[in-house]
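Structure, as structure tokens:
Counting convention: from 1, in listed order, for ligands and their atoms alike.
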Amino acid sequence: MQNFKLLTAEKIAAAIAEIAPEAGFKKEDIVTMLEYPPDTNMGDLAFPCFRLSKTLRNAPPKIAAELAEKTADFKYGTSAAVGGYLNFKVSDEYLTTHVLTEIEEKGERYGSSDIGKGKNVVLDYSSPNICKPFHIGHLGTTVIGHSLKLLHEFVGYNCTGINYLGDWGTQFGKQIAAFRKWGDRDVIDQGGVDELVKLYVRYNNECEENPELKDEARAEFKKLEDGDEENLALWKWFVSVSLNEYQKTYKQLGIEFDSYKGESFYTDKMPAQVEKLRQSGLLKIDDGASIVDLSDYNMPPCLILKKDGSTLYPTRDIAAAVYRKNTYDFDKCIYVTSSAQSLHFAQWFKVVEMMGYDWFGGLVHVPYGTVSIDGAKLATRTGNVVLLKDLFRQSIEKVQEIMNEKNPDLENREDVAEAVGVGAIVFNYLYNSRIKDINFTLDQALSFEGNTGPYAQYTYARTCSILEKAKEAGIESVGGECTHESESALLKTLSRFGEKVENAIAEYEPSVITRYIIEVCTAFNRFYRDCPIVTADSEESKKFRTRLTSAANTVLGTALHLICMRTPNKI
Ligand code: ARG
């Protein structure tokens with residue numbers, strides 16, 4: 001069964017074909033013109049007829065009136081002309097027989113589709129730099145990236161999530177040299193990345209007084225590049241110490257990657273691309289460096305090789321994209337990074353196009369704005385960056401305090417506190433459209449009121465506890481029909497899930513889902529306030545409202561998982 005929007009569009013298209021067959025409006029055209037009226041008293045969908053007045057050579061109110069007549073026999077709702085608009089109201093019958101049963105039949109697959117079937121999508125996200133702290137700047141790429149992966153999988157794409165670790169570069173020469181001078185294995189095994197950062201910072205400081213150290217670091221990196229066993233072993237150890245630590249954060253977020261092929265993996269794959277660039281005459285020498293001139297596209301040149309012949313960030317990205325195309329045959333390769341890197345991506349995407357790779361159109365950059373935090377004492381020993389693990393820890397602790405007060409007997413306290421504490425930050429972050437710069441306070445993120453993660457998880461838990469009560473009372477989840485406006489309103493909201501999923505994917509915007517979750521919570525809580533469920537006055541209402549609760553539970557659960565949130569049954 002198609003959704004209400006498509007059914008309405010189909011009906012309108014048929015009506016237009018009757019009054020003006022020559023106009024040639026198809027269902028697909030109509031779908032894009034339909035609007036959701038801000039005031040639902042007006043209807044559930046509105047068709048603005050002024051968009052037709054030119055083609056049909058008639059005044060909008062006249063067209064609306066005529067179409068209302070032709071759509072009077074609509075099976076799934078009613079239509080009415082209001083000024084230049086044709087308004088549609090979905091029938092309760094449709095909501096119950098179609099929407100509710102579809103949710104029941106499809107369960108966790110409700111809202112999904114198979115538009116991505118047979119297509120591959122590669123997602124490059126999180127991608128921290130080894131030996132560097134995992135800080136709040138990484139929150140965006142990590143959760144937007146993972147949510148986009150889940151959304152694409154939900155509609156049938158075959159997805160590969162890649163953590164493109166920043167695991168190569170001259171900085172590892174410094175790290176090795178610093179470790180050789182002052183490092184202690186046990187201290188690093190204990191203290192992790194923090195300790196690696198300390199060594200690195202110290203080395204950099206001393207470089208300023210003693211420039212010879214720079215040469216030493218350079219020599220260490222050269223050895224590493226040439227495959228020196230000891231240096232290679234140290235580097236591998238740095239990678240594993242860092243990754244072990246990042247993994248803890250990934251685990252808290254429920255994130256796993258399909259590949260951790262980082263920058264180092266592409267070292268031997270760059271020469272072929274540099275050669276291709278050279279042969280196609282795209283490389284220019286500029287002050288000793290090799291570049292691709294992009295002035296025709298109003299962009300600064302893309303740097304391919306430094307003066308000394310060493311490769312650069314764009315060089316590696318080009319080689320990695322070619323490798324991924326050959327390995328995964330992607331339809332889309334999505335890169336999620338801060339908007340500070342937008343130019344970098346625009347530049348090398350263009351270079352890939354100039355190289356004649358016909359798949360350049362599948363490269364997608366998804367940028368996001370900056371995050372800052374106040375209200376939390378989160379400065380760390382490593383400077384003024386806020387580490388994600390510290391932010392999560394603080395949030396979890398605060399949730400524990402709140403739980404001690406509100407619900408001291410809760411089972412699995414620690415686990416629930418983690419789900420709510422981490423979820424609060426994720427939800428708060430993903431609530432905003434990604435490109436916006438945001439500043440958030442922990443207290444606001446953790447509030448149980450307002451558009452927050454705890455509010456959404458709490459609403460989900462409420463649906464669980466109602467379903468449990470219904471089960472205890474032996475109430476079956478069958479039959480019935482809408483008898484209250486809040487019931488229909490809830491079903492209407494649930495009916496839009498699939499469309500929201502589509503929008504979120506089209507715009508690479510998980511916030512569409514986050515905001516939709518709030519809409520569902522609001523509709524459910526209004527229904528809960530207006531309509532007694534297990535204590536309803538008729539058996540039929542008890543059963544029907546249990547069905548509605550179960551449907552809300554299904555949709556909320558799926559939607560929350562799509563934005564990397566966990567769903568405890570009790571909070
Ligand atoms: N490691 C980079 C950073 O921390 C992000 C990598 C993004 N992905 C890419 N293919 N360039 O800034």
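- Distance alone, capped at 3.5 Å, places no donor-acceptor pair between the Q175 side chain and the F238 backbone.
- Applying the 4.0 Å criterion to heavy atoms of N129 picks out, from ligand 1, the atoms 1 (N), 2 (C), 3 (C), 4 (O).
- Proximity of L165 to ligand 1, defined as any heavy-atom pair under 4.0 Å, is not found for any part of the residue.
- The distance criterion of under 3.5 Å between nitrogen or oxygen atoms is met by S127 with respect to ligand 1.
- A salt bridge links K149 to D258: at least one charged side-chain nitrogen sits closer than 4.0 Å to a carboxylate oxygen.
- In this structure, atom 6 (C) of ligand 1 lies nearest to the protein heavy atom Y313 OH, 3.3 Å.
- Contacts between Y125 and ligand 1, counted as non-hydrogen atom pairs separated by less than 4.0 Å, are absent for every part of the residue.
- The aromatic rings of Y164 and Y266 sit tilted relative to each other, their planes meeting at an angle between 30° and 60°.
- Looking at atom 10 (N) of ligand 1, its nearest protein heavy atom turns out to be D317 OD1, 2.7 Å.
- If you number the atoms of ligand 1 from 1 as listed, the ones under 4.0 Å from a heavy atom of F345 come out as 9 (C), 11 (N).
- Under the 30°/60° scheme for interplanar angles, the aromatic rings of H135 and H138 are found to be tilted.
- The protein atom (non-hydrogen) at minimum distance from atom 8 (N) of ligand 1 is D124 OD1, 3.1 Å.
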For E216 and R180, run salt bridge (charged side-chain N to carboxylate O under 4.0 Å, His left out): C-alpha distance rounded to whole Å, both residues' side-chain angles, the deciding distance at 0.1 Å, then the answer. CA-CA 11 Å; E216 238 174 86; R180 287 249 158 79; over 6 Å; no

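- Close contacts between ligand 1 and Q341 involve ligand atoms 3 (C), 12 (O) [criterion: under 4.0 Å to a heavy atom].
- The pair R185-D189 does not count as a salt bridge, with every side-chain nitrogen at least 4.0 angstrom from each carboxylate oxygen.
- Residue G161 comes nearest to Y125 through the heavy atom pair CA-CE2, 3.9 Å, listed as atom of the first residue, atom of the second, then distance.
- The ligand atoms of ligand 1 that sit less than 4.0 angstrom from a heavy atom of Y335 are 10 (N).
- The contact set between ligand 1 and T337, taken as ligand atoms under 4.0 Å from a residue heavy atom, comprises 7 (C).
- Between E519 and R515 there is no salt bridge, since none of the side-chain N atoms of the basic residue sits less than 4.0 Å from a carboxylate O of the acidic one.
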